[in-house]
Amino acid sequence: MVHLRTRRPVHALAGLLLATALALTACSGADDSGGASSADAKAAAPEGAAGGGARKATAAPQLPAAHIIRTASLTVQVKSVGKALADARSTAETAGGYVGEENTTRDEEGHEETRVVLRVPVERYDAVLSELQGAGKLLEREAKAQDVTDQVVDVDSRVRSARASVARVRELMDQATRLSDVVELEGELSRRQADLEALLARQASLKDRTSLATITLALSERPVDAVARDDDPGFVDALAGGWDAFVTVLRWVVVVFGAVLPFAVALGLLVLGWVRVVRPRRRQAAGVRAGALPSARTEPEAASPEQPGGRD
């Protein structure tokens, strides 16, 4: 009996150890399978991660394209303004632009001066500018660039919002049943449409100014020999300058004489009329008055002797 009692605790202890061993084996198997699955996931991760990284790299938000207003002004001295103007017009049209404004004048010596405004695509701006300034002697150049990207983005966003607002008001008008609501919604719709049209006009202006660059070209011509004389003056130049000054003074004298001549003629006619007509008449009238005064004085003298006789 005692022997049987001592075996039972041994068998119970053995069973407990066996159960513990099986549990540990199951846990280790689960850990192994989990590790394998984690390893498999890690092995597969680079390919997926690489693809995800590539997608993120390609799907990253791009910055808006820069919108820049480019303007330039050139002053070029050429031999022939007409030819240079034709070449500038051809250059702008070949680049896909056009002539926006043109003004041509001629000075007293017959030299032409032209001011022309060219609009060219911004992609050809630098090329056209280089070609225009190479048409002659460059006297002055000024170029400006104004970044209006923020304005373009802001106006585009406001245009989208304004269009959505107009659409909402139209939907409310379709659903309105009372006349007062319809009238109020029509006024609101008119106001929002006016705001939308103003935004669209500003958007079109920005698009035109950023897509086409503005080049103001001033062309002038001077004789080549005159330029050479200015660079190296001599006796002949001084003599020519003196002659020009003399001719200029003489021209001004003639101009002044021509301006004064009508007044001088009128004054001479007045003096001639005074001497020939008015003055003789005044002298004749003065003589008549002088002859009439003595006769008036002699009449009392002739009557004075008779007075005493009359008293007698």
Side-chain angles (χ1 to χ4, degrees), residues 48-74 85 88-105 114-129 132 142-218:
R55 292 192 191 94
K56 289 182 180 179
T58 56
Q62 296 181 355
L63 296 175
H67 298 273
I68 300 176
I69 298 176
R70 299 185 181 274
T71 57
S73 59
L74 297 175
L85 179 60
R89 186 183 293 109
S90 176
T91 300
E93 293 175 353
T94 302
Y98 61 93
V99 178
E101 182 181 351
E102 180 181 338
N103 185 17
T104 301
T105 58
T114 297
R115 180 180 178 274
V116 60
V117 178
L118 306 175
R119 303 295 309 281
V120 297
V122 293
E123 297 82 5
R124 302 294 306 278
Y125 168 74
D126 294 330
V128 172
L129 202 61
L132 291 177
E142 182 179 1
K144 297 180 181 179
Q146 180 183 2
D147 191 352
V148 293
T149 304
D150 295 340
Q151 298 182 27
V152 172
V153 173
D154 178 67
V155 170
D156 292 344
S157 176
R158 294 174 62 184
V159 165
R160 289 192 296 268
S161 300
R163 284 176 175 171
S165 178
V166 169
R168 284 195 301 270
V169 174
R170 287 178 177 174
E171 291 178 359
L172 293 175
M173 287 183 62
D174 294 338
Q175 298 173 3
T177 57
R178 294 187 301 177
L179 181 60
S180 59
D181 295 339
V182 173
V183 173
E184 184 178 358
L185 289 172
E186 284 182 350
E188 186 67 19
L189 179 62
S190 299
R191 184 182 65 83
R192 297 191 182 189
Q193 283 182 339
D195 294 341
L196 176 59
E197 290 176 359
L199 289 172
L200 290 175
R202 186 179 177 187
Q203 186 184 47
S205 176
L206 286 172
K207 182 179 180 181
D208 176 73
R209 295 166 64 191
T210 54
S211 60
L212 293 176
T214 303
I215 301 176
T216 303
L217 177 64

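For this chain, numbers begin at 1 and follow the sequence in order.
Of the possible polar contacts, one joining the Thr210 side chain to the Lys207 backbone as a donor-acceptor pair under 3.5 Å is found. Under a 3.5 Å cut-off, the side chain of Ser157 and the backbone N or O of Val153 do not form any donor-acceptor pair.
Counting all heavy atoms, side chain and backbone alike, Ala213 lies closest to Val122 at N-CG1, 4.0 Å. Between Gly97 and Pro121 the shortest heavy-atom distance is N-CD, 3.9 Å. Nearest heavy atoms, Ala72 versus Leu129: CB-CD1, 3.8 Å. Residues Leu118 and Ala88 share a closest heavy-atom pair of CD1-O, 4.1 Å. The shortest heavy-atom contact between Ile215 and Leu132 is CG2-CD1, 3.9 Å.
Tyr98 places a side-chain heavy atom less than 4.5 Å from the side chain of Leu212. Here the side chains of Leu196 and Val159 are in contact, with some heavy-atom distance below 4.5 Å. Counting heavy atoms from C-beta outward, Gln146 and Val148 have side chains that approach closer than 4.5 Å.
More than 12 heavy atoms of other residues, nucleotides or ligands sit less than 6.0 Å from atom CZ of Arg89. Atom CD of Glu184 sits in a sparse spot, with 12 or fewer heavy atoms from other residues, nucleotides or ligands closer than 6.0 Å.
If you take CD1 on Ile68 and OG1 on Thr149, they are separated by 6.5 Å, rounding to the nearest 0.5 Å. The line from OG of Ser161 to CG of Asp195 is 12.0 Å long, rounded to the nearest 0.5 Å. For the atom pair CD of Gln151 and CZ of Arg202, the computed distance is 5.5 Å after rounding to the nearest 0.5 Å. Distance check, rounded to the nearest 0.5 Å: CG of Leu206 to OG of Ser211 gives 10.5 Å.
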For residues 169-178, tabulate all N or O donor-acceptor pairs below 3.5 Å that involve a side-chain atom, not counting sequence neighbours.
{"unit_1": "Arg178", "atom_1": "NE", "unit_2": "Asp181", "atom_2": "OD2", "d": "3.1"}
{"unit_1": "Arg178", "atom_1": "NH2", "unit_2": "Asp181", "atom_2": "OD1", "d": "3.4"}
{"unit_1": "Arg178", "atom_1": "NH2", "unit_2": "Asp181", "atom_2": "OD2", "d": "3.3"}

Where do Thr114 and Asn103 land on the side-chain contact (heavy atoms from CB on, under 4.5 Å) test, with the steps shown first? CA-CA 6 Å; Thr114 297; Asn103 185 17; over 6 Å; no
Given side-chain contact (heavy atoms from CB on, under 4.5 Å), test Glu101 with Thr216 step by step and report yes or no. CA-CA 9 Å; Glu101 182 181 351; Thr216 303; over 6 Å; no
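Under 4.0 Å is where a charged nitrogen must lie from a carboxylate oxygen, and between Arg160 and Asp156 no such pair does.
Within the structure, side chain to side chain donor-acceptor pair (under 3.5 Å) contacts touching residues 115-125 (residues at least two apart or in different chains) are Arg119-Asp208, Arg119-Thr214.
The one candidate from Arg192, Glu188, Gln193 that meets the side-chain hydrogen bond (donor to acceptor under 3.5 Å, both in side chains) condition with Ser165 is Arg192.
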